[in-house]
Protein chains: 2
Amino acid sequence: MIRSIEWKGNSIKIINQKLLPTKLVYVNIKTTKELASAISDLTIRGAPAIGVAAAFGVALEANLSKEKSFKRFRLKMEKAISLLSNTRPTAFNLFWALKRMREIIESNKNKEVHHIKRLLIEEALKIHKEDEKICKKIGENGSRLIPQKANIMTHCNAGSLATSYWGTALGVIYTSVKKGKKIRVFATETRPLLQGARLTTWELLLNGVDVTLITDNEAGFIMKKEDIDCVVVGADRIATNGDVANKIGTYSLAILAKEHRIPFYVAAPTSTFDPSIKRGEEIPIEQRSRDEIVKIGTTRIAPDDVNVRNYAFDVTPARYISAIVTEKGILKTPFKKKISSILGRR
Amino acid sequence: MIRSIEWKGNSIKIINQKLLPTKLVYVNIKTTKELASAISDLTIRGAPAIGVAAAFGVALEANLSKEKSFKRFRLKMEKAISLLSNTRPTAFNLFWALKRMREIIESNKNKEVHHIKRLLIEEALKIHKEDEKICKKIGENGSRLIPQKANIMTHCNAGSLATSYWGTALGVIYTSVKKGKKIRVFATETRPLLQGARLTTWELLLNGVDVTLITDNEAGFIMKKEDIDCVVVGADRIATNGDVANKIGTYSLAILAKEHRIPFYVAAPTSTFDPSIKRGEEIPIEQRSRDEIVKIGTTRIAPDDVNVRNYAFDVTPARYISAIVTEKGILKTPFKKKISSILGRR
């Protein structure tokens, strides 16, 4: 297992995920501006990891701040929070983590700034540690859904690289393997940014898990031909009715799974549920640069002047989802009541 | 409109489709060995174009042959036919065209070799010319299925570049545009070899057709979000029950279309129907090199040691297909009777 992000006090150490799988390079992030860029350009990615990174970003800003006055300190913190919250619009864990950090400031406004700084760093470290524990629990809960011998399809990367340590969807796989189940993983490459090809295969191989890479186009045919037992994916934001925003292509996979009568599981911490969003249609969907579509690495693959759509995420309606695996347990349909009960005791 | 293949007497002039869209380069093929490589490595591709190329290949071999004895001439021709038929296993038009060329030899075995040579060249030119007419007719027939204003999704490339001139799926689009219909095309990029991104967008732009490039992952979400009216694709081999082998990803698209209640059309000449194959499961599916998956251009996108599946085609069961558009008319479900009647009068 590998750590995608670590707190270093005066910096945040992250893996540059853009360079994997050919190079494993760490970057030391020293300012929130650097961190905002690293989140925007996917040097670090994955909803839970982005949440941790954002918390660390606020802690870093606090740690570096020389302000003594609370008012000026808060202004600086708000600027950092705003910068970080404008990096990526879909993954909810980002906003959830920033909200927790803001609450530390607001609920301690009568304390001295140096004390608040310490509390902010503690809170960020707590979010980091919690994510590790939560993902471990997700893995344990989810592994109960996995047969003793299973061919599992996954999409994008919802592993160590997308979280503090255990992963969500891949956490389910790691725990199943650890329990002695015979698991074969089929990883979709996940265009445009190829997180499946570059990251999921890399971390599964690193951990000795049997993995086969397929193109996104092969998903339907492979479900039929290779007896896929279930699909497990992560999530970027979940509405209170159970609709799930996740990496573009997830919606297609869910439909393909339904047609093949294959269970479709979503694995995510409860911090991915957005209590303010009732239906998937309300989730803001990030659209990214055309360059991600018309170029791959240095290779141009399409004419200069072609129109392009680059939705980074899609929404899978709850009716396609067999279960949502959280640290609080496995939610099955109908989701609405169960989600509101879980959010109540989060 | 552009010609992907032309007969030059002592050579076959083809576009090197591997270099599009960045460079338009023509190659002069001077031997059947060169042609076999060009078909295998997708310098020329598309089921109808491969059929024409194979016929030209036999004609070229005949034209270059100095043999006077029929026996030795036939041996040489059989060697060329065998070489060409071993290039790609799935596209039926290849075998269909080679069969027609063989029949010219067999039914004229009492004629002098120089006469048979002339007949072979004539037959190849006839196949070429016929394909142009047939595709024009497919376009006309298919355009009747297209609404006055339509958003059409297509996969891979079934255009001029895949045929002699008009294209099959794109022929339907060209004719619809010519008839004054307002057409917007959504082209899936079609991993691994990106024929949608590289070829379909290029030729549609060349012909002034409104085209938007999407990743294969976006297909489901775009069907929902951009009100796709129909999907039109080509075919590589069609079984007598209407099951269709086509570029990998077609099966997934057909399922997605069904789920969104979008008509799914296949456009193909009757030379794509294989009378000897009753069900899609019997169609041989080409598996290609792992390099097509783990590298894009010069960019490595996956670890060296990952397992890979690279099915070049998949099979879409007839039940997902709303209509098969041929030069003989539009076939609707149940296909079996209509296909056998059409094959009878082919």
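Convention: sequence-line order gives letters A, B, ...; per-chain numbering from 1.
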Is it the side chain or the backbone of E218(A) that comes within 4.5 Å of chain B heavy atoms, both, or neither? both
If you count heavy-atom pairs within less than 4.5 Å of chain B, which of I214(A), V294(A), T298(A), L205(A) leads? L205(A)
Ignoring hydrogens and angles, tell me if any N or O in the side chain of R237(B) forms a donor-acceptor pair with the backbone of T90(B) under 3.5 Å. yes
Looking at T201(A) and A197(A), would you say the former's side chain and the latter's main chain have a donor-acceptor pair under 3.5 Å? yes
Comparing R290(B), K258(B), R300(B) against chain A, the one with the most heavy-atom pairs below 4.5 Å turns out to be K258(B)
Ignoring hydrogens and angles, state whether a donor on the side chain of N157(A) or R45(A) is under 3.5 Å from an acceptor on the partner side chain. yes
Per-residue contact mode, D210(A) against chain B (heavy atom under 4.5 angstrom): side chain
Are there residues of residues 219-226 of chain A whose heavy atoms fall under 4.5 Å of chain B's heavy atoms? If so, which? A219(A), G220(A), F221(A), I222(A), K224(A), K225(A), E226(A)
In terms of heavy-atom pairs under 4.5 Å with chain B, which of I293(A), V211(A), N310(A) leads? V211(A)
Thinking salt bridges, do D236(A) and K247(A) make one under a 4.0 Å N-O criterion? no
Within the side chain of T188(B), is there an N or O that forms a donor-acceptor pair under 3.5 Å with the backbone of M153(B)? no
When only heavy atoms count and the cut-off is under 4.5 Å, which of residues 315-324 of chain A reach chain B? V315(A), P317(A), Y320(A)
Greatest number of heavy atom pairs closer than 4.5 Å to chain B - which of I285(A), L256(A), D305(A): L256(A)
So, the part of T200(A) with a heavy atom under 4.5 Å from chain B: the answer is neither
Quick one: CD1 on I296(A) to NZ on K295(B), what's the gap to the nearest 0.5 Å? 14.5 Å
Assess the side chains of D291(A) and S289(A): does a donor N or O sit below 3.5 Å from an acceptor N or O? no
Using a strict threshold of under 4.0 Å (side-chain N to carboxylate O), is an ion pair present between E292(B) and R191(B)? no
Enter the distance from N207(B):CG to L204(B):CG here, rounded to the nearest 0.5 Å. 7.0 Å
Using non-hydrogen atoms and a 4.5 Å limit, figure out which bit of T22(A) sits close to chain B: side chain, backbone, both or neither. side chain
For F186(B), does the six-membered ring have the charged nitrogen or CZ of R309(A) within the cation-pi criterion, i.e. under 6.0 angstrom from the centroid and within 45° of the normal? no
Between H260(A) and Y251(B), is the gap from one ring center to the other below 6.0 Å? yes
Carboxylate-amine/guanidinium proximity below 4.0 Å for R198(A) and E189(A): no
Examine whether an atom of I301(A) lies under 4.5 Å from a heavy atom of chain B, and if so say whether it belongs to the side chain, the backbone or both; otherwise answer neither. both
Value rounded to 0.5 Å, distance of CG in L253(B) from CG in N217(A): 7.0 Å
In terms of heavy-atom pairs under 4.5 Å with chain A, the winner among P21(B), A254(B), G297(B), P192(B) is P21(B)
Are R279(A) and D243(A) within salt-bridge range, i.e. N to O under 4.0 Å? no
So which residue, I248(A), T215(A), D216(A), T299(A), ends up with the most heavy-atom pairs under 4.5 Å with chain B? I248(A)
When rounded to the nearest 0.5 angstrom, what distance separates OG1 in T43(A) from CG in N16(A)? 4.5 Å
